[in-house]
Amino acid sequence: MQKNDWKDRLNMAYSTDPNFKYEYDEQEKQETLPKHKQQLRVSIEKKGRGGKVATLISNFVGTEEDLKDLARILKTKCGVGGSAKDDQILIQGELKTKILEILHTEGYTQAK
């Protein structure tokens, strides 16, 4: 299937060459590291949340789908809300010790 979206070519100058083919920058899919090699960091954050406390899990290396799967597991087992984006998981509330226990039982041995 050929891409023909003009938004992807906004910074492209016009070419008069009839054989010219625009090359798209393909982002390589980042593979997820095995659980025992993930060096996750769990921290408590209060800034910019109106005084509410949140637990932040960072340094996840992998696909967006795997990040969302891990976030779903953590939110379900903690019984709280949260979100997953930009290689970080945000869990509502001060649940650092509980999240560390869950991560260790799930196989993330290097989580701190």
Nearest 0.5 angstrom please: [X] [atom1] to [Y] [atom2], how far?
X      : Y      : atom1 : atom2 : value
Ile99  : His104 : CD1   : NE2   : 12.0 Å
Glu106 : Leu40  : CD    : CG    : 11.5 Å
Asp66  : Glu31  : CG    : CD    : 10.5 Å
Leu33  : Tyr108 : CG    : OH    : 10.0 Å
Lys37  : Thr32  : NZ    : OG1   : 13.5 Å
Ser58  : Asp86  : OG    : CG    : 12.0 Å

Look only at the side chain of [X] and the backbone of [Y], and say whether a donor-acceptor pair between them is shorter than 3.5 Å.
X      : Y      : result
Gln110 : His36  : yes
Thr55  : Ile44  : no
Gln39  : Ala111 : no

Would a 4.5 Å heavy-atom cut-off, applied to side chains only, mark [X] and [Y] as touching?
X      : Y      : value
Val61  : Gln38  : yes
Ile57  : Arg41  : no
Thr109 : Leu103 : no
Leu56  : Gln88  : yes

Joint hydrophobic cluster, [X] plus [Y], side-chain heavy atoms closer than 4.5 Å:
X     : Y      : answer
Leu90 : Ile102 : no
Val80 : Val42  : yes
Phe60 : Leu100 : yes

Looking only at heavy atoms, what is the nearest atom pair of [X] and [Y], with distance?
X     : Y     : value
Leu67 : Lys85 : CD2-N, 4.0 Å
Gln92 : Leu95 : O-CD1, 3.7 Å
Glu94 : Val53 : CB-CG1, 3.8 Å
Gly62 : Asp87 : O-OD1, 4.3 Å

Stepwise salt bridge (charged side-chain N to carboxylate O under 4.0 Å, His left out) test for Glu45 and Lys52:
CA-CA 9 Å; Glu45 199 173 88; Lys52 295 183 179 178; over 6 Å; no
Is it true that Lys96 and Glu101 make a salt bridge, defined as a side-chain N closer than 4.0 Å to a carboxylate O?
no
